[in-house]
Amino acid sequence: MPARIIGTGSCLPEHTVSNRELEKWVDTTDEWIRDRTGIAQRHLAVEETTVSMAVRAGKNALENAGADADEIDLIIVGTVSADMYFPSTAAQVQSGLGADNAVAFDINAACAGFLFGLAIADAYMKAGMAETALVIGAETLSRLMDWQDRGTCVLFGDGAGAALVRRQEEGILSLVQGTDGKSGMALTCHNRPVNNPLAQNEAAVDFTRMDGRAVYKFAVKTVPCAIEKALEQAKIPAEEIKYFLLHQANIRIIESVAKKMGRPMEKFPTNLQKCGNISAASVPILLDHVNREGSLSRGDKIVLAGFGAGLTWGAAVLTW
Ligand code: UT7
């Protein structure tokens, strides 16, 4: 039996930073950021944490579904920017929600994290190991930025998105995932260096580094193929898809995917203008925004797709 999304939620930090404000911090312009990415502002955490936003998004998803926390038996959080090495974000979310019946763990599949989480929830349900799962993407990426590096810091934001998934007759129709570890050094953020009595290391804390052009090329080549494959597996023609909800990295990437697939841009809702790129949280936040606008009806076919560090990618076709 497949898994179906029965509720969505999201949480964005209170503070927004416009491109104009960024001009004061780093050598950039509003015009460059808008032209090259489509981004106009992003939300940055001040009081918020990865856990607090994930808990809020989770609560909103439960409320949206009309479900209680004790119904959840699986919590998966996709994140690359956890507040702590351990306990996991998911374990803290379990505590924050009072979801005492849930097994909880984090996964790191960067911007494909929500798609990978959805695939794990689907597999648990097919194996009869879960009935109700909370899949979350949550990031405080601003903590991983070099605020002197205009090639990265202008792109990313903070936030969390969640989907409550239940084992039901219809829902996820297909899931496609992939990883290209050989190209992984195009987008990196190193951990603390080894530091012990045998290996003393004074290296400074590292931040996000990206070969933007390499990641761009990967995205425009891989994402349409992954979506086509997912559509083929679901036996659904692209014309039947109401919305394609893509990772919100760059409007030019989304336009290129739309063009390659021969579908109009109205089929590709976006929120990157206001939120920037929030890695694992981008897709579930966008899904929640579209859901709460009332743009989805029961039975609609939609596509979700994420891509990023790893390099990783994932695409899903589902019935709403
Ligand atoms: O979520 C993970 C997935 N990530 C992505 O999908 C990101 C994919 N990559 C991209 O979206 C684009 O490659 C970027 C938006 C990151 C960069 O756009 P680009 O058109 O590929 O620019 P570029 O890196 O080739 O740089 C072009 C110029 C350079 O100047 P020169 O060498 O031509 O003089 C950069 O130094 O733009 C300059 N530049 C900037 N100028 C003003 C780079 N960043 C900025 C900036 N403001 N923020």
Side-chain angles (χ1 to χ4, degrees), residues 17-42 78-81 108-116 137-142 144-161 178-181 183-189 207-227 244-258 260 268 270-273 275-286 304-315:
V17 175
S18 68
N19 293 346
R20 286 255 177 258
E21 285 170 276
L22 275 186
E23 288 177 5
K24 294 183 216 148
W25 301 348
V26 66
D27 179 18
T28 191
T29 61
D30 175 49
E31 192 190 7
W32 190 96
I33 303 170
R34 281 178 198 265
D35 280 358
R36 305 311 294 163
T37 72
I39 297 165
Q41 66 160 48
R42 68 289 296 141
T79 185
V80 294
S81 50
N108 177 344
C111 310
F114 180 75
L115 269 297
F116 277 44
E139 306 284 9
T140 314
L141 295 174
S142 58
L144 301 181
M145 292 303 131
D146 172 353
W147 288 94
Q148 314 281 312
D149 177 11
R150 65 180 184 174
T152 51
C153 74
V154 305
L155 307 171
F156 297 95
D158 301 331
T179 301
D180 173 13
S183 307
M185 292 305 135
L187 181 46
T188 61
C189 184
F207 294 101
T208 302
R209 305 288 168 209
M210 179 167 72
D211 178 346
R213 284 187 195 181
V215 179
Y216 188 96
K217 279 186 198 155
F218 145 75
V220 297
K221 187 171 162 225
T222 310
V223 177
C225 295
I227 295 175
F244 297 82
L245 303 176
L246 269 50
H247 172 49
Q248 300 290 290
N250 188 323
I251 193 74
R252 292 186 295 132
I253 295 176
I254 298 170
E255 285 166 354
S256 168
V257 174
K260 277 194 180 164
F268 293 75
T270 56
N271 63 6
L272 60 83
Q273 296 81 356
C275 300
N277 176 347
I278 322 180
S279 192
S282 273
V283 171
I285 291 174
L286 180 62
L304 308 179
F307 54 88
L311 301 172
T312 53
W313 60 94

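The model shown is predicted, which means the values in this text are computed figures rather than measured ones. Every number for a ligand or one of its atoms is a count from 1 in the order of the listing.
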Report the part of V154 (side chain from C-beta onward, or backbone N, CA, C, O) that has a heavy atom under 4.0 Å from ligand 1; answer both or neither where that applies.
side chain
For ligand 1, which atoms sit closer than 4.0 Å to a heavy atom of N277?
1 (O), 2 (C)
Is it true that F307 lies under 4.0 Å from ligand 1, counting heavy atoms only?
yes
State whether a side-chain donor-acceptor pair under 3.5 Å links E139 with T79.
yes
Atom 4 (N) of ligand 1: protein heavy atom closer than 4.0 Å?
yes
Select one of side chain, backbone, both or neither to describe which atoms of Y216 lie under 4.0 Å from any atom of ligand 1, heavy atoms only.
both
Looking at ligand 1, does any of its N/O atoms fall within less than 3.5 Å of an N/O of H247?
yes
So do I254 and T270 actually touch side chain to side chain, heavy atoms under 4.5 Å?
yes
What about R213: any of its N or O atoms under 3.5 Å from an N or O on ligand 1?
yes
To which protein heavy atom is atom 11 (O) of ligand 1 closest, and what is the distance rounded to 0.1 Å?
N250 ND2, 2.7 Å
Can you check atom 31 (P) of ligand 1: any protein non-hydrogen atom closer than 4.0 Å?
no
Per-residue contact class, A249 against ligand 1 - non-hydrogen pairs under 4.0 Å
side chain
Of L246, L115, I278, which meets side-chain contact (heavy atoms from CB on, under 4.5 Å) against V283?
L115
Under a 4.0 Å heavy-atom limit, does T152 contact ligand 1 with its side chain, its backbone, both, or neither?
neither
Any protein heavy atom nearer than 4.0 Å to atom 25 (O) of ligand 1:
yes
Check the orientation of F244 and F268. Use parallel for under 30°, tilted for 30 to 60°, and perpendicular for over 60°.
parallel
Heavy atom under 4.0 Å from ligand 1: found in I253's side chain, backbone, both, or neither?
side chain
Could you tell me, atom by atom, which parts of ligand 1 come under 4.0 Å of a heavy atom of C111?
1 (O), 2 (C)
